[in-house]
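Chain naming here is simple, since letters A, B, ... match the order of the sequence lines and numbering starts at 1 in each. Since the model is a prediction, treat every value here as computed from it, not as a measurement. Below, all heavy atoms of this structure are taken into account, side chains as well, without hydrogens, waters or symmetry copies.
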There are 2 protein chains.
Amino acid sequence: MSSPTPARRRPTHRKGRATLTRESVGRAALEFLGRSGPAELTMRSLAADLGVSPRALYNYVEDRRDLITVAAEIFESGWRPPELDPARWRDALRAFCRDLRAHHRRHPGMTALALSENITMARHPVMLRNVDALIGFFAAVGLPLQDAYRACMETIRLVVGFVELQDTVHDRPPAHLNPGDLERMPPPWLSADADADADLPYLSRIGELEPDAPDTLFEFSLDVLVEGIAARAGRDGSS
Amino acid sequence: MSSPTPARRRPTHRKGRATLTRESVGRAALEFLGRSGPAELTMRSLAADLGVSPRALYNYVEDRRDLITVAAEIFESGWRPPELDPARWRDALRAFCRDLRAHHRRHPGMTALALSENITMARHPVMLRNVDALIGFFAAVGLPLQDAYRACMETIRLVVGFVELQDTVHDRPPAHLNPGDLERMPPPWLSADADADADLPYLSRIGELEPDAPDTLFEFSLDVLVEGIAARAGRDGSS
DNA sequence: ACCTGAACACCGTTCAAGT
DNA sequence: ACCTGAACACCGTTCAAGT
């Protein structure tokens, strides 16, 4: 039942370029975020990227905030979570979190941008279905409905918070730091001061160990989350 | 042993105003954040706030990034955590987290600003001592040193992430949303569509319940954290 | 030594035309 | 209908003077 070419339609090209749409502009913004950081995404740089004048973008989005809103919607609609099998709920939850983390890392700064512009996330129908599925999963694991909702929010917050607070500084380390200085504890600029070191017995000992990779830290976070929820559910599942 | 007025010293006032210092400028920036949001903190607005020209600030900080670094250091040095008694470790950890959350909420956007400017936090000696104490606390609870460090990072990340992802949107709701729409689940703009509602059985049922206050969500997060760590420690403490 | 005022290169956004 | 170019009000930052 595919319809043939309608009588009149919007021109699809102009000056050799595909015409812009609200969606294509938002998609371009999201791709831009995949390459550069959030600070580099400006109306002017995105316009240059698309080969148009800055003014042209305003024919499809109201303003910069609206542009980021569209990008956020496309970002949310672009993730399909792995299946959540309550029968092996620990592994299922871990896989869900790992996948969500990877999705966020693909578009660094998307969440930071949405936060700075006060954009409400989780508004896209696709993401709401994901949220609903996660709540249902926790309910099936044995949590009362209210707790299942809270566990869902906690799970998403843990993953997003990890990406924003841990991964982003790791994936794009500040230029003024030597690579590797980030995970060193205590920080090297402090260890130069022997007095300070003496006051930090635990950090000093940790400084002698191999620093944790972000993945190791993330798995520890998942351990805490999974066992914390298991305690709340009052049972331990089958895996 | 207080020294008398030295022969020459830096003038303390100029044109009726206290002279600026690197610290006073940073402190002013931090206070500014307590009143307004991070987007409002500009070199020009802060200069106007201090009654000087924008250029004057550059005599004390190198640039905007440096200004925020100073503000972050003052922010970190301005918190003294409650005592961490391993004998009643669950309550102690909860009190620690509640206090840290309150500290962050007092300066909304400080963390977001540090993240956007790629500023490494936890560099101030005072904060490093707090971190060291928290690691020692977890070690005393029964975690191996490596895990104690990870639990420390997880704890701080949980609190900071909660403030950034939950409290900030709550404390400064976006202007275009009706108050109360934020905690309503499913979102009202979706409930208008009956089809969508039918696809979201759990969110629909949650929408009929009283929405959680942020404090309730935070306590749930603490439940998960505490029990997750208890499982890792393999014992349950004394309280 | 520390400040001001003007200036430069950016940014988001709008206006008045062009085709 | 959709675009460009010039313009405005902002921003961070710097330069050349002032006192």
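A close approach under 4.0 Å does occur between a side-chain nitrogen or oxygen of A/Asn59 and OP1 or OP2 of D/dC3. Taking side-chain N and O atoms only, B/Tyr58 has no distance below 4.0 Å to OP1 or OP2 of C/dT4. The side chain of B/Ser53 contributes no N or O atom lying less than 4.0 Å from OP1 or OP2 of C/dC3.
When Watson-Crick and G-U wobble pairs are counted only if both distances are under 3.5 Å, D/dA16 pairs with C/dT4. The pairing partner recorded for C/dC11 is none, the criterion being a Watson-Crick or G-U wobble arrangement whose two distances lie under 3.5 angstrom.
Summarising the geometry, the separation between CD on B/Glu117 and P on D/dC11 is reported as 15 Å, rounded to the nearest angstrom. Counting to the nearest Å, the C1' atom of C/dC11 and the CD atom of A/Glu40 are 13 Å from each other. Taking atom CD on A/Glu62 and atom C1' on C/dT13, their separation rounds to 13 Å, with Å as the unit. Atom CG in B/Leu20 sits roughly 13 Å away from atom C1' in C/dA1 (whole-Å rounding). A/Tyr60 has its OH atom 6 Å from the C1' atom of D/dC2, to the nearest Å. Rounded to whole angstrom, the span from the CE atom of B/Met43 across to the C1' atom of D/dC10 amounts to 15 Å. Atom CG in A/Leu67 sits roughly 14 Å away from atom P in C/dC11 (whole-Å rounding).
In this structure, A/Ser116 and A/Leu113 have side chains that are in contact, with non-hydrogen atoms separated by less than 4.5 Å.
With C/dT4, D/dT13, D/dT4 as the candidates, the nucleotide lying closest to the side chain of B/Asp63 is D/dT13. Taking only side-chain atoms of B/Arg64, from C-beta outward, the nucleotide of D/dT13, C/dG12, C/dC2 with the closest atom is D/dT13. In this structure, of D/dC3, C/dC11, C/dC3, it is C/dC11 that holds the atom nearest to the side chain of A/Arg44.
Remark: A/Glu154 does not engage A/Arg150 in a salt bridge, criterion side-chain N to carboxylate O under 4.0 Å.
The environment of A/Arg80 atom CZ is sparse: at most 12 non-hydrogen atoms of other residues, nucleotides or ligands sit within 6.0 angstrom. In this structure, A/Glu40 places its CD atom where more than 12 heavy-atom neighbours from other residues, nucleotides or ligands lie under 6.0 Å away.
For A/Arg55 and D/dG5, a side-chain-to-base donor-acceptor distance below 3.5 Å is absent, hydrogens and geometry of angles not being considered.
Remark: aromatic rings of A/Phe75 and A/His103 are close, center separation under 6.0 Å.
With the nearest nucleotide of DNA chain C identified for both B/Leu57 and A/Leu41, B/Leu57 has the one nearer the 5' end.
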